[in-house]
Participant: 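Once you've had a glance at the structure underneath, I'll fire off some questions.
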Amino acid sequence: MAIGLCVFSASERCARVAIANADYSKFSHSTPREHADLMDRKNCGSCHRRGAGTAPAFPLHKDCTGCHMVQFTAANRESDVNPICTICHTRDGLNSSNPPTKAFSSLRSFRAEFDHAQHLQGKENAKPAAGCAACHTPSQRGTAESIPSHLNAHQVCYECHSPGKTASDLSGCGSCHSLGSYVPTSTNAASYRVSFSHADHAVRARLACASCHNIKGRGLPQGRQVSSYSPVEHFASARGQSCASCHNSRRAFGDADTHDCKRCHKREGFRMSG
């Protein structure tokens, strides 16, 4: 149900009924209209501020009382707590002098956006000094590379997007977040299912990320910004690079023997089909 102070063109009586029936124990960024009007990407700072850690700080009382003074001060005969207070505070200890706040909610109504081309091919001061390694680190025992997500991503982004840092002009929430559903980038690449290891290729073979991945154009959806190798490793593909681009009896392994399947296929119970 919509929340917030609703403004109706009908009679004052209808407005009072609507306000009385509204659910002020829940919050939505997109409804009612008054909340949606605040959702321009430049307006996040009207309620949210960067916290001491990676989680944003909760809005202050003054951020809400400008519109919701009635809901903050009105007596509630149906509950021993004020419903609007439970948006940020837990019910336990709500009537204390310093009521505890809830854990900051996970992304649900906001998407997280990142543009690889902007960071690696755009403005010079937008390029991380460490390149890809500034955001991606070995994970899953070296098999994969990490993808910053949830509040952990803030720690990575804050290295550049903070006051006094190289990208301080884009350190607001709206630089990365906008209204929409949040779908984190998958870390379950098809190549991992055949025991591909980033550690073997990047650390031991000393290959750069650009040896296998290409950055595509700006503005593409998250999953299409960086090219990936085709997992069809036995046959070179005219559509792009595959494992066979290097494992071709010359650059890698140095022989044409493909019978030792367990060089790559190490999953328990692996069986050749056909």
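Remember, it's a predicted structure, so these values are computed and weren't measured experimentally.
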Participant: Report the relative orientation of the aromatic rings in Tyr158 and His154; use parallel for angles under 30°, tilted for 30 to 60°, perpendicular for over 60°.
Facilitator: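 Tyr158 and His154: parallel rings.
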Participant: Can you tell me how far apart CG (Asp169) and OG (Ser175) are? Round to the nearest 0.5 Å.
Facilitator: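 It comes to 8.0 Å.
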Participant: Is the His119 ring parallel, tilted or perpendicular to the His161 ring (thresholds 30°, 60°)?
Facilitator: perpendicular
Participant: In Å, rounded to the nearest 0.5 Å, how long is the span from CG of Leu170 to SG of Cys157?
Facilitator: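 Going from CG on Leu170 over to SG on Cys157, the span is 11.5 Å.
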Participant: Considering all heavy atoms of both residues, which atom of Ala117 and which atom of Arg218 are nearest to each other, and what is their separation?
Facilitator: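 In this case the closest contact between Ala117 and Arg218 is CB-CG, 3.3 Å.
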Participant: Rounded to the nearest 0.5 Å, how far does CG of Leu220 lie from CG of Asp115?
Facilitator: 7.5 Å
Participant: If you measure from NZ on Lys62 to CE on Met69, what distance do you get to the nearest 0.5 Å?
Facilitator: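 One finds 13.0 Å between NZ of Lys62 and CE of Met69.
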Participant: Going from CD1 on Ile87 to OG1 on Thr101, what distance comes out if it is rounded to the nearest 0.5 angstrom?
Facilitator: 14.0 Å
Participant: Would you check if there is a donor-acceptor pair between the side chains of His116 and Gln225 at a distance under 3.5 Å?
Facilitator: yes
Participant: Of all heavy-atom pairs between Pro163 and Ser168, which one has the smallest distance, and what is that distance?
Facilitator: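 The pair with the smallest heavy-atom distance is CA-CB, 3.9 Å.
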Participant: Quick one: sort the His61 and His89 rings into parallel, tilted or perpendicular, breaks at 30° and 60°.
Facilitator: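 Ring orientation of His61 relative to His89: tilted.
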Participant: Could you tell me which non-hydrogen atom of Pro100 sits nearest to which non-hydrogen atom of Gly93, and how far apart they are?
Facilitator: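 Taking Pro100 first and Gly93 second, the nearest heavy atoms are CD-O, 3.9 Å.
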Participant: If you round to the nearest 0.5 Å, how far is NE2 of His198 from NE2 of His136?
Facilitator: 9.0 Å
Participant: For the residue pair Cys64 and Phe72, what are the closest heavy atoms and their distance?
Facilitator: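 It is CB-CE1, 3.6 Å.
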Participant: Is there a side-chain contact between Pro56 and Leu151 (heavy atoms, below 4.5 Å)?
Facilitator: yes
Participant: When you compare the side chains of Arg204 and Ser197, does any donor N or O come within less than 3.5 Å of an acceptor on the partner?
Facilitator: no
Participant: Please report the shortest heavy-atom distance between Ser162 and Arg50, naming the atom on each side.
Facilitator: OG-NH1, 2.7 Å
Participant: Look at atom CD of Glu113 and say whether more than 12 heavy atoms of other residues, nucleotides or ligands are closer to it than 6.0 Å.
Facilitator: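 Atom CD in Glu113 is crowded, with more than 12 foreign heavy atoms closer than 6.0 Å.
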Participant: Does any N or O in the side chain of Arg49 come within less than 3.5 Å of the main-chain N or O of Cys47, such that one atom is a donor and the other an acceptor?
Facilitator: yes
Participant: Mind checking whether Val226 and Leu120 sit in one hydrophobic cluster, side chains of I, L, V, M, F, W, Y counted as touching below 4.5 Å?
Facilitator: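 Linked within one cluster.
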Participant: Donor-acceptor pair, distance only, cut-off 3.5 Å: does the side chain of Thr86 make one with the backbone of Pro83?
Facilitator: yes
Participant: Looking at Asn82 and Gln71, would you say the former's side chain and the latter's main chain have a donor-acceptor pair under 3.5 Å?
Facilitator: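 Present.
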Participant: If only atom types and distance count, is the side chain of Thr54 paired as donor or acceptor with the main-chain N or O of Gln155 below 3.5 Å?
Facilitator: no
Participant: Specify the closest pair of heavy atoms between Gly174 and Cys44, including all atoms of both residues, with the distance to one decimal.
Facilitator: N-SG, 3.9 Å
